[in-house]
There are 2 protein chains.
Amino acid sequence: MEKSENTRGGAVQRVEAALLNDISSGVLSPGERLDEVQLTERFGVSRTPVREALSRLTAQGILVPGAKRGVQVAEYSREELAQIFEAMHEIEVACARIVSQRISLLSRSEIEIAQKACVIAAEANDLSGFLQANENFHQAIYRATGNPYMAQIASDFRRRTGPFRAKKFASHEDLLASARSHDVLMSHIFSEDSGEASAGMRAHMTESFMQTLAAN
Amino acid sequence: MEKSENTRGGAVQRVEAALLNDISSGVLSPGERLDEVQLTERFGVSRTPVREALSRLTAQGILVPGAKRGVQVAEYSREELAQIFEAMHEIEVACARIVSQRISLLSRSEIEIAQKACVIAAEANDLSGFLQANENFHQAIYRATGNPYMAQIASDFRRRTGPFRAKKFASHEDLLASARSHDVLMSHIFSEDSGEASAGMRAHMTESFMQTLAAN
DNA sequence: ATCTTGCATTTTGCTGACAAAAAGCACCTA
DNA sequence: TAGGTGCTTTTTGTCAGCAAAATGCAAGAT
């Protein structure tokens with residue numbers, strides 16, 4: 001009875017993407033409750049697609065079942081945050097291991113190109129550009145595993161931890177340091193020595209994790 | 001009282017569980033298409049809960065979007081199967097690493113109790129009993145990581161690969177061999193040397209994976 | 001024969017509504 | 001005052017149905 005022509009199809013995705021964005025960008029803060037009916041009004045759709053979007057985000061761990069009713073933006077205790085990063089840490093290390101075992105010239109090139117973009121953005125102190133480039137860099141590594149299942153898990157963690165990792169990059173120096181760290185990491189991964197690659201990634205992740213936890 | 005889980009969505013969960021069971025037990029074979037309306041009739045519910053159940057199973061990777069329409073039971077090429085097991089392999093190794101770093105007496109005891117049950121079932125050549133005990137054994141290891149997020153991922157892979165792993169246990173000797181293999185694995189994990197633990201798990205998984213792939 | 005083209009059928013995504021469960025609330029009792 | 005007790009409001013799970021999109025199909029064109 002409202003809104004005549006909506007883009008038939010894709011309402012669920014639209015809602016999901018919008019919520020994801022709101023959460024990443026901090027419009028919705030951790031612990032905030034989400035009301036189905038409210039979202040219904042906001043997006044001009046009925047409860048069914050809203051409900052499915054919420055359900056998907058819950059499955060991804062972005063939202064959690066609220067204490068009494070409904071869902072809320074996941075908020076993590078310090079300990080839970082540490083556990084999530086520990087898991088992510090292990091996944092990344094595993095990715096590095098796999099990549100080092102089967103790096104192709106194409107993959108290597110993609111990673112290097114992504115890294116160049118990181119350096120440029122870092123030097124220009126372009127935060128949002130750097131975040132995007134950094135994302136591409138890591139995604140390129142995931143893809144280089146040649147294993148979509150590993151890549152998916154790694155990607156999921158990255159999405160989930162996005163809001164927390166973002167806080168790490170406060171100053172120009174943070175960006176430069178991260179870009180330098182990428183270089184070291186790459187040299188390990190491209191060494192084709194899986195032991196060195198996983199150790200290198202482990203060091204990278206430990207460092208990154210410490211800074212992130214400090215910033216949260 | 002861990003089982004006092006909320007019973008939100010009785011029908012959805014009923015459908016989801018039933019389908020999961022059908023898939024594990026082979027009633028539904030890989031590649032088989034699932035028709036919403038058919039399921040609607042079978043379970044005597046409307047499309048909404050059926051749809052949500054399918055959606056959840058799809059998110060878990062148990063079902064995949066069909067080529068033309070609808071969803072179908074995931075079927076994997078040999079290569080995809082290898083990739084899934086490679087990923088699972090890495091996750092299990094990571095779990096072993098973590099466990100070895102912080103094994104508690106309680107966790108150790110749980111693992112040992114589960115292993116005892118495995119041995120008993122294996123010696124009695126009780127296949128379904130062994131599968132259950134084996135499941136408990138691995139879940140005990142996951143729990144011992146103290147990291148619910150790692151445990152969740154590992155558990156998801158286990159569910160997903162269940163149908164394929166089951167085929168590995170064809171003879172009495174297979175069960176006994178698996179039980180023996182557990183013993184070796186435990187000695188590595190309990191060594192509190194993370195390098196040894198991950199190497200041990202890596203060997204265990206490689207062996208197990210080779211047999212599974214051979215049986216599929 | 002093969003390739004369009006238009007129509008009929010099936011499938012999907014979504015809507016609005018409803019019944020039941022849960023949470024809030026006011027009142028009563030001890 | 002603390003602790004029930006029953007009623008009201010809110011929230012949730014489910015339903016039946018509709019309209020768009022996808023698919024199948026058959027007649028006509030090339």
Side-chain angles (χ1 to χ4, degrees), chain A residues 1-23 28 30-75, chain B residues 1-23 28 30-75:
Chain A
M1 160 140 352
E2 57 173 87
K3 24 141 297 339
S4 352
E5 54 239 298
N6 73 20
T7 0
R8 262 293 176 173
V12 174
Q13 262 112 352
R14 198 158 47 83
V15 174
E16 185 179 353
L19 289 178
L20 210 44
N21 187 59
D22 282 358
I23 293 169
L28 292 169
E32 195 158 341
R33 268 196 78 198
L34 268 56
D35 184 49
E36 279 184 11
V37 202
Q38 240 173 338
L39 296 172
T40 277
E41 288 159 11
R42 167 172 167 195
F43 293 104
V45 296
S46 84
R47 272 180 56 228
T48 309
V50 167
R51 174 171 262 275
E52 187 169 336
L54 294 182
S55 159
R56 286 201 205 179
L57 291 168
T58 304
Q60 288 180 57
I62 311 277
L63 303 178
V64 293
K68 19 185 197 186
R69 286 309 204 71
V71 295
Q72 55 190 160
V73 181
E75 65 184 336
Chain B
M1 326 284 106
E2 68 233 324
K3 200 48 196 133
S4 62
E5 281 289 336
N6 49 10
T7 333
R8 284 181 186 175
V12 173
Q13 274 160 344
R14 195 159 46 83
V15 173
E16 184 180 354
L19 289 179
L20 211 44
N21 187 59
D22 282 358
I23 292 169
L28 292 169
E32 194 159 340
R33 267 197 77 197
L34 268 57
D35 184 50
E36 280 185 8
V37 199
Q38 242 172 339
L39 296 171
T40 277
E41 288 159 10
R42 168 172 168 197
F43 293 104
V45 296
S46 86
R47 274 178 55 227
T48 310
V50 168
R51 174 171 263 273
E52 186 169 335
L54 294 183
S55 158
R56 285 201 207 181
L57 291 168
T58 304
Q60 286 179 59
I62 310 279
L63 302 179
V64 292
K68 26 184 194 180
R69 291 307 208 71
V71 295
Q72 56 190 165
V73 181
E75 66 184 335

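Order of the sequence lines sets the chain letters (A, B, ...), proteins ahead of strands, with each chain counted from 1.
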Would you kindly give the [atom1]-to-[atom2] distance between [X] and [N], to the nearest whole Å?
| X | N | atom1 | atom2 | result |
| --- | --- | --- | --- | --- |
| B:L39 | C:dT12 | CG | C1' | 15 Å |
| A:E36 | C:dA22 | CD | C1' | 14 Å |
| B:E52 | C:dT12 | CD | P | 17 Å |
| B:Q13 | D:dT14 | CD | P | 9 Å |
| A:L34 | D:dT11 | CG | C1' | 14 Å |
| B:R51 | D:dG17 | CZ | P | 17 Å |
| A:L54 | C:dC14 | CG | P | 13 Å |
| A:F43 | C:dG13 | CZ | P | 19 Å |

Closest listed nucleotide, where the reference is the side chain of B:D35 and the choices are C:dT11, D:dC15, D:dG13: C:dT11

Out of D:dC15, D:dA22, C:dA22, which has the shortest distance to the side chain of A:R69? C:dA22

Look only at the side chain of B:R33 and the backbone of B:R69, and say whether a donor-acceptor pair between them is shorter than 3.5 Å. yes

With sugar-phosphate meaning primed atoms plus P, OP1 and OP2, does B:V45 contact a base, only sugar-phosphate, or nothing at under 4.0 Å between heavy atoms? sugar-phosphate

Rounded to the nearest 0.5 Å, how far apart are CG of B:L20 and CG of B:L28? 10.5 Å

Among A:D35, A:L19, A:V45, find the one that has a side-chain contact (heavy atoms from CB on, under 4.5 Å) with A:V50. A:V45

Would you say C:dC14 has OP1 or OP2 under 4.0 Å from some side-chain N or O of A:T48? no

With a cut-off of less than 4.0 Å, is there a side-chain N or O of B:R47 near OP1 or OP2 of D:dA16? no

Note: B:Q72 and B:G66 closest approach over all heavy atoms is OE1-CA, 3.6 Å

